[in-house]
*Asks:* 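Supplied in structure tokens, the structure appears directly below.
All values reported here derive from a predicted model rather than from experimental measurement. Both counts, for ligands and for their atoms, begin at 1 and track the order of listing.
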Amino acid sequence: MPETITFPQGFLWGAATSSYQIEGAWNKDGKGESIWDRFSHTPGKIVDGSTGDVACDHYHRWEEDLDLMQALGLQAYRFSIAWPRILPAGRGRVNQAGLDFYDRLVDGLLARDIRPFVTLYHWDLPQALQDEGGWPARSTAEAFAEYAHMVSARLGDRVKHWITHNEPWVAAFLGYGMGMHAPGIQDFQQAVMAAHHLLLSHGWAVPLIRGNSPGARVGITLSLNDVIPASPSPQDHAAARELDGFTNRWFLDPLYGRGYPADVVQWFGRVHGVQMDFVQEGDMDAIAAPTDFLGHNYYTRTVARGSGQGNLPPVVTTDDSEFTEMGWEVAPHSLFRMLNRLHFEYQIPSIYITENGAAFPDVVDEDGHVRDPRRLAYLKAHLRAAHEAIQCGVPLHGYFVWSLMDNFEWSFGYTRRFGIVYVDFATQRRILKESGAWYRELIARHGFALR
Ligand code: IFM
């Protein structure tokens with residue numbers, strides 16, 4: 001057993017955030033309203049009654065935040081662009097001030113030798129487009145293509161890594177199916193249509209970005225979940241297969257040219273009455289546009305048990321599992337399994353872990369330090385699993401910790417802290433956590449000691 005783990009030359013170390021979760025300035029300098037502005041301003045939607053109106057105030061403190069990234073030694077920074085900052089009504093009139101903000105951010109990153117990884121859509125759809133039907137409407141995919149074209153034309157000379165969408169499963173199924181995320185709709189047919197139009201808009205955007213950004217590498221980020229049957233029983237296996245189809249194959253299969261998985265189409269129809277007649281000729285080819293890399297967001301696994309009820313199977317976990325504050329099981333081995341699956345089953349040419357991290361209830365000690373040993377152990381275990389996957393031949397080329405700093409955790413508001421930097425939301429003071437100091441060392445050494 002080696003005492004230290006060293007990553008291959010060129011492996012990229014980064015951190016990730018998203019616009020709505022950190023920027024604040026929700027109505028500044030011509031920005032339009034997003035579905036998350038509307039949702040968080042609706043009483044009862046966010047557990048602590050908070051909003052992203054101010055969040056980490058990154059819109060005003062971006063220079064200080066870039067200095068922080070530089071001090072950490074980050075080689076790459078993944079952030080998202082707020083669509084309604086660029087196109088306040090979703091399409092048409094461009095808000096130059098919005099583009100200028102990201103222009104400065106990109107220049108500031110490059111000046112500090114940090115590579116920008118831009119995500120075009122991390123869930124803050126312009127409310128004006130939702131008013132016209134949102135993602136269940138095909139016209140929203142058309143508007144996304146216009147937006148992707150606009151942004152890549154402005155930043156494409158300097159940004160060379162593009163991610164079209166972040167976690168379309170969450171955007172579609174939590175937003176339109178279960179209603180836990182904006183826009184808060186509970187309609188499975190709409191959710192499946194939303195998922196299709198998210199994928200379609202990705203496929204349409206890929207060639208547009210390439211056209212505007214010579215030499216760019218373009219991909220999409222998926223939240224993938226290793227689903228394990230609770231027992232060898234046929235019922236538990238069937239449940240695991242259904243859940244895997246719903247969360248993983250529904251996106252991986254069409255993106256990699258296999259079309260929608262027939263068993264899931266049938267399951268959606270049987271259980272939720274979903275009709276697939278919105279899929280048009282040529283859509284599946286567009287969705288399967290070749291990409292340069294896949295972004296994999298990994299947090300946890302799911303253990304599935306068949307209910308025999310013909311509905312979503314209940315999910316169980318084992319007795320000795322450790323859980324983060326999100327209630328998610330710590331399961332680094334499943335990251336290893338998933339990375340291998342992506343490589344061996346889908347032959348994906350290049351993979352980045354675009355998010356990985358954990359929420360724990362951090363506190364500032366009397367001496368001003370934030371000690372977060374459980375997060376540190378979580379990161380270590382997952383990086384060890386990632387390293388083992390590389391040794392098996394998986395083309396994993398970089399890792400982005402989620403998140404650079406504590407932020408607005410969607411329907412959980414500010415009650416969940418994922419950062420390697422602590423944010424005191426009352427004063428906006430940033431404090432590097434113990435895990436952040438460890439990550440800085442890891443980047444400097446390109447590896448870490450196991451003990
Ligand atoms: O905070 C989110 C992020 O926006 C998307 N991936 C999961 C994170 C933790 O829930």
Side-chain angles (χ1 to χ4, degrees), residues 14-24 34-37 39-40 45-48 50-52 55-56 58 77-83 117-125 163-175 178 180-183 195 198 219-226 247-248 251 294-302 323-331 334-335 338 352-362 372 374-375 378-379 382 399-423 425 433 435:
T17 64
S18 86
S19 46
Y20 189 73
Q21 294 180 273
I22 67 162
E23 282 179 4
S34 80
I35 55 173
W36 269 96
D37 294 318
F39 191 72
S40 68
K45 298 296 184 192
I46 311 298
V47 294
D48 58 358
S50 66
T51 68
C56 305
H58 172 75
Y77 173 51
R78 173 177 176 239
F79 63 96
S80 78
I81 298 210
W83 183 348
F117 273 57
V118 167
T119 306
L120 286 167
Y121 187 71
H122 199 125
W123 311 345
D124 38 4
L125 182 73
I163 294 167
T164 53
H165 286 285
N166 180 69
E167 302 182 2
W169 185 90
V170 174
F173 291 101
L174 293 192
M178 301 168 206
M180 288 144 65
H181 275 201
L198 283 155
I220 185 169
T221 278
L222 301 179
S223 47
L224 299 167
N225 203 335
D226 188 29
T247 51
N248 302 323
F251 294 88
L294 178 74
H296 173 17
N297 289 356
Y298 179 82
Y299 289 92
T300 189
R301 70 169 183 172
T302 299
F323 297 90
T324 71
E325 212 192 0
M326 296 298 283
W328 297 344
E329 186 187 2
V330 178
S334 279
L335 172 62
M338 187 51 86
Y352 289 90
I353 295 174
T354 40
E355 289 181 25
N356 175 239
F360 290 113
D362 305 310
D372 57 343
R374 292 183 68 194
R375 179 174 297 100
Y378 178 100
L379 297 179
H382 286 78
Y399 176 91
F400 293 77
V401 65
W402 184 271
S403 175
L404 173 67
M405 55 187 155
D406 297 337
N407 57 48
F408 179 83
E409 177 53 28
W410 307 112
S411 58
F412 291 94
Y414 298 99
T415 65
R416 299 290 187 279
R417 293 180 177 273
F418 274 91
I420 56 169
V421 172
Y422 183 92
V423 177
F425 292 104
K433 299 181 191 177
S435 60

*Asks:* May I ask you to check whether N166 has an N/O atom sitting below 3.5 Å from an N/O atom of ligand 1?
*Replies:*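 It does not: no N or O of N166 is found under 3.5 Å from an N or O of ligand 1.
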*Asks:* Only one of T221, T119, I220 clears side-chain contact (heavy atoms from CB on, under 4.5 Å) with T354; which?
*Replies:* T221
*Asks:* Between D362 and R375, is the closest basic N to carboxylate O distance under 4.0 Å?
*Replies:*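 Yes, this pair counts.
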*Asks:* Ignoring angles and geometry beyond distance, decide whether E167 reaches within less than 3.5 Å of ligand 1 through its nitrogen or oxygen atoms.
*Replies:*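 Looking only at distances, the answer is yes, because the N/O contact criterion of under 3.5 Å is met.
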*Asks:* Considering distance alone, does some N or O of W123 sit under 3.5 Å from an N or O of ligand 1?
*Replies:* no
*Asks:* Where is the nearest protein heavy atom to atom 7 (C) of ligand 1: which residue, which atom, and how far?
*Replies:*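 Looking only at protein heavy atoms, the one closest to atom 7 (C) of ligand 1 is E355 OE1, 3.3 Å.
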*Asks:* In terms of ring plane angle, is the pair W36 and Y20 parallel, tilted or perpendicular, where the classes change at 30° and 60°?
*Replies:* tilted
*Asks:* Among protein heavy atoms, which sits nearest to atom 8 (C) of ligand 1, and what does the distance come to when rounded to 0.1 Å?
*Replies:*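 The answer is Y299 OH, 3.4 Å.
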*Asks:* Is there a polar contact, in the sense of an N or O pair closer than 3.5 Å, between W410 and ligand 1?
*Replies:* yes
*Asks:* Please list, in number order, the atoms of ligand 1 under 4.0 Å from a heavy atom of H122.
*Replies:*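 Checking each atom against H122, I get 3 (C), 4 (O), 5 (C).
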*Asks:* Is there a polar contact, in the sense of an N or O pair closer than 3.5 Å, between W402 and ligand 1?
*Replies:*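 Yes; at least one N/O pair falls below 3.5 Å.
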*Asks:* Measuring from non-hydrogen atoms of Y20 to any atom of ligand 1, is the shortest distance under 4.0 Å?
*Replies:*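 No, that is not the case, since the closest heavy atom of the residue is not under 4.0 Å from the ligand.
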*Asks:* Within the 4.5 Å heavy-atom criterion, are Y414 and D406 side-chain neighbours or not?
*Replies:* no
*Asks:* Side chains of N356 and Y399: is there a donor and an acceptor less than 3.5 Å apart?
*Replies:* yes
*Asks:* Counting heavy atoms only, which part of W328 comes closer than 4.0 Å to ligand 1: side chain, backbone, both or neither?
*Replies:*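 Answer for W328: side chain.
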*Asks:* Could you walk me through whether F117 and Y352 pass the ring pair (Phe, Tyr, Trp, His ring centres under 6.0 Å) test, one step at a time?
*Replies:* CA-CA 11 Å; F117 273 57; Y352 289 90; 5.3 Å; yes
*Asks:* Relative to each other, are the rings of Y299 and F418 parallel, tilted or perpendicular (30° and 60° limits)?
*Replies:* perpendicular
*Asks:* If you have a sec, work out which protein heavy atom is nearest atom 10 (O) of ligand 1 and how many Å separate them, to one decimal?
*Replies:* E409 OE2, 2.6 Å
*Asks:* Under 4.0 Å between a side-chain nitrogen and a carboxylate oxygen: does that hold for E355 and R78?
*Replies:* yes
